[in-house]
Amino acid sequence: NGNVINAGGAGGGLRNELDEADIPPTAAKARPKDLGRLSSEKKPRKKAAIPLKPKAQDDTRQVIDPPVNFEESLGEMGKPVTLPNVISDEMKKAVDDGWTNNAFNQYVSDLISVHRTLPDPRDAWCKDTARYLSNLPATDIIICFHNEAWTVLLRTVHSVLDRSPEHLIGKIILVDDYSNMPHLKKQLEDYFAAYPKVQIVRGQKREGLIRARLLGASYAKSPVLTYLDSHCECTEGWLEPLLDRIARNSTTVVCPVIDVINDDTLEYHYRDSSGVNVGGFDWSLQFSWHAVPEREKKRHNSTAEPVYSPTMAGGLFSIDREFFNHLGTYDSGFDIWGGENLELSFKTWMCGGTLEIVPCSHVGHIFRKRSPYKWRSGVNVLRKNSVRLAEVWLDDYAQYYYYRIGNEKGDFGDVSDRKKLREDLQCKSFKWYLDNIYPELFIPGDAVAQGEIRNEPSSMCLDLPEKMEDDLPLSVYPCHGQGGNQYWMLSKTGEIRRDDFCLDYAGKDVVLYSCHGGKGNQFWTYRENTKQLHHGTSGKCLAINEAKDKVLMEECGSSLTRQEWVLEGYDS
Ligand code: UD2
Ligand code: MN
């Protein structure tokens with residue numbers, strides 16, 4: 001942890017430059033905030049029975065002894081499917097292989113109908129069809145995949161066909177980003193031959209999801225483009241509320257609410273519109289979810305109305321095809337995964353559009369805890385994408401991102417075309433965007449110190465917990481001087497911050513906790529003369545322990561060197 005640059009922030013984030021090339025940051029980042037905990041909760045689950053023969057073709061699988069029960073279809077109405085505790089060795093191997101290849105429980109997916117039913121997650125408000133224009137534009141649906149599981153991909157497509165008005169779907173364009181799984185070759189073509197709306201487009205080499213999406217768009221003809229990941233399920237009435245917004249204003253870019261399809265049980269989990277989140281980001285240029293801010297709530301009579309969102313998660317959205325082109329689509333210099341969602345979000349707002357989340361539209365997505373596919377080796381892909389993004393769109397604010405990556409921009413290629421695009425479109429400044437669209441974001445320049453917090457005598461620095469979650473204790477590691485996990489900000493109001501998390505002391509461990517802005521347990525003062533970090537409510541001082549492996553709180557002044565902290569860039 002200590003020697004590693006974690007440009008990742010919340011949710012695990014990047015490992016160091018070397019191993020990061022092949023292993024992307026956790027994909028769980030896109031999981032809506034307060035749903036994150038659900039997966040680890042021990043919920044009593046109804047045991048579903050296992051049919052004798054899994055629906056998908058997979059001859060390696062052996063039949064399971066009892067229990068066998070054909071009475072109910074598995075996973076209908078989005079219900080969870082759990083495997084029996086005792087299973088044969090062969091079945092266990094099939095289950096494990098499914099996890100290895102997909103980072104979700106493919107075996108369970110294969111037991112569920114590709115036409116399964118789902119609950120209707122919409123608020124009553126949404127079901128009044130008079131809310132939507134009667135003459136909606138049609139959309140092409142673009143679904144890119146690299147080595148997607150058979151039943152999961154099919155279920156994505158069928159959920160679109162089964163739950164969208166026929167006349168509103170132009171084509172469903174499946175873009176194969178150079179997969180090598182055998183079922184995605186001829187078998188896929190044969191299967192969809194019976195579905196005239198479905199078109200399969202093959203990339204000639206591995207492009208990554210960004211250029212794959214552009215390839216898909218080049219085949220589109222409908223007035224609207226709708227992008228989905230290849231492991232989604234659309235629910236009843238998902239499409240009309242999205243198209244309605246674009247029909248009213250073609251510069252509105254819209255995202256559905258992204259519900260969680262459990263990676264293990266494939267349970268479909270949703271909340272009503274009072275639980276809607278909007279998108280943000282941090283200075284590692286990582287996407288994050290946030291509650292709808294008060295200023296936004298005031299604009300609405302109902303929580304089911306579309307809400308402004310500073311950013312989008314990236315995978316699921318609709319956009320007017322001409323407006324997408326007008327904005328210069330995506331930066332085609334972006335590789336494999338990441339950053340494109342922020343690029344499109346910033347551009348949309350800065351160049352004359354609006355970005356909304358539409359609570360009446362629900363689409364489920366399987367959030368994975370790791371990325372199952374290969375990235376490029378030898379290149380820090382995500383960093384390269386993010387540097388391109390920062391160079392073009394962030395103006396002077398780019399420095400805050402660069403600081404977080406130890407100012408090592410690496411080779412990010414040529415961005416002059418993208419800069420010219422921004423100029424031609426006469427887009428607004430990033431300052432305008434922050435002031436008007438994302439005023440909640442803490443600006444490092446407003447801090448009285450930013451960088452490492454070092455116990456000088458021991459050369460140990462405050463370092464992030466293993467995970468960015470409420471209540472996890474702070475670590476200490478040898479100072480590495482590269483920002484990353486050892487990057488902190490002291491705000492004018494006395495918070496010691498890392499993005500949305502603050503140093504918090506409630507009488508036990510010193511932990512990170514979501515910043516609440518109410519001082520109290522999160523209120524610290526730096527005493528420049530004694531170098532002590534004094535805590536508000538307890539009156540104690542932050543100290544490193546004798547063993548130099550953790551921090552603790554103790555009476556101020558009792559053991560001075562262990563309480564001496566140097567705050568990088570401190571400027572009272
Ligand atoms: C999220 C987005 C994803 C994308 C990404 C940032 C959601 C729900 N998902 O990550 O759409 O915006 O953030 O870039 O908002 N794929 C390819 N080629 C590749 C890699 C991936 O075609 O080289 C496909 C993949 O099969 C999937 C889609 O792109 O259908 C997104 O990839 P992911 O599911 O691994 O990304 P996710 O959901 O973690
Ligand atoms: Mn995905």
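In listed order, ligands and their atoms are each counted from 1.
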If you measure every N/O of [X] against every N/O of ligand 1, is any gap under 3.5 Å?
X    : result
C144 : yes
G338 : yes
E340 : yes
F367 : no
D177 : yes

Near [X], which atoms of ligand 1 are under 4.0 Å from a heavy atom of that residue?
X    : result
S230 : 26 (O), 27 (C), 30 (O)
F145 : 22 (O), 26 (O)
R368 : 33 (P), 34 (O), 35 (O)
L316 : 8 (C)
Y373 : 20 (C), 21 (C), 32 (O), 33 (P), 35 (O)
G314 : 11 (O), 12 (O), 15 (O)

Can you tell which part of [X] has a heavy atom less than 4.0 Å from ligand 1: side chain, backbone, both or neither?
X    : value
M312 : neither
E207 : neither
D229 : both
K374 : neither
H365 : side chain
F287 : neither

Geometric class of the [Y]/[X] ring pair [parallel <30°, tilted 30-60°, perpendicular >60°]:
X    : Y    : value
W289 : F287 : perpendicular
H115 : H158 : tilted
F281 : F346 : perpendicular

- prompt: Between the candidates R376, R206, E148, which shows the shortest non-hydrogen contact distance to atom 23 (O) of ligand 1?
  reply: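 Looking at heavy atoms only, the winner is R206.
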- prompt: Minimum heavy-atom separation for P256 to L316, with atom names?
  reply: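 Looking at all heavy atoms of both residues, the shortest contact is CD-O, 3.3 Å.
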- prompt: Of the non-hydrogen atoms in P444 and W283, which two are nearest, and what is the gap between them?
  reply: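 So the minimum-distance heavy-atom pair works out to CD-NE1, 3.2 Å.
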Taking atom types as modelled, is there a side-chain donor on [X] or [Y] under 3.5 Å from an acceptor on the other?
X    : Y    : answer
T265 : T82  : no
S159 : E233 : no
S222 : D140 : yes
Y401 : E391 : no
D123 : S273 : yes
S284 : R404 : yes

field: R388 to F334, cation-pi by 6.0 Å centre distance and 45° axis angle
entry: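 No - R388 does not lie over the ring of F334 by the 6.0 Å and 45° rule.
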message: Ring of Y433, cation from K428 - is the NZ or CZ under 6.0 Å from the centre and inside 45° of the axis?
response: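 K428 over Y433 ring: no.
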query: Got a sec: does the NZ of K185 have more than 12 other heavy atoms crowding it under 6.0 Å?
result: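 More than 12 within 6.0 Å, yes.
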Protein N, O or S within less than 2.8 Å of the Mn ion (ligand 2), waters excluded: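 Listed by chain and number: D229 OD2, H231 NE2, H365 NE2.
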task: Could you pull out all residues at least two apart from V392 that satisfy side chain to side chain contact (heavy atoms under 4.5 Å, CB included)?
output: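 So V392 forms a side chain to side chain contact (heavy atoms under 4.5 Å, CB included) with V415, R418, K419.
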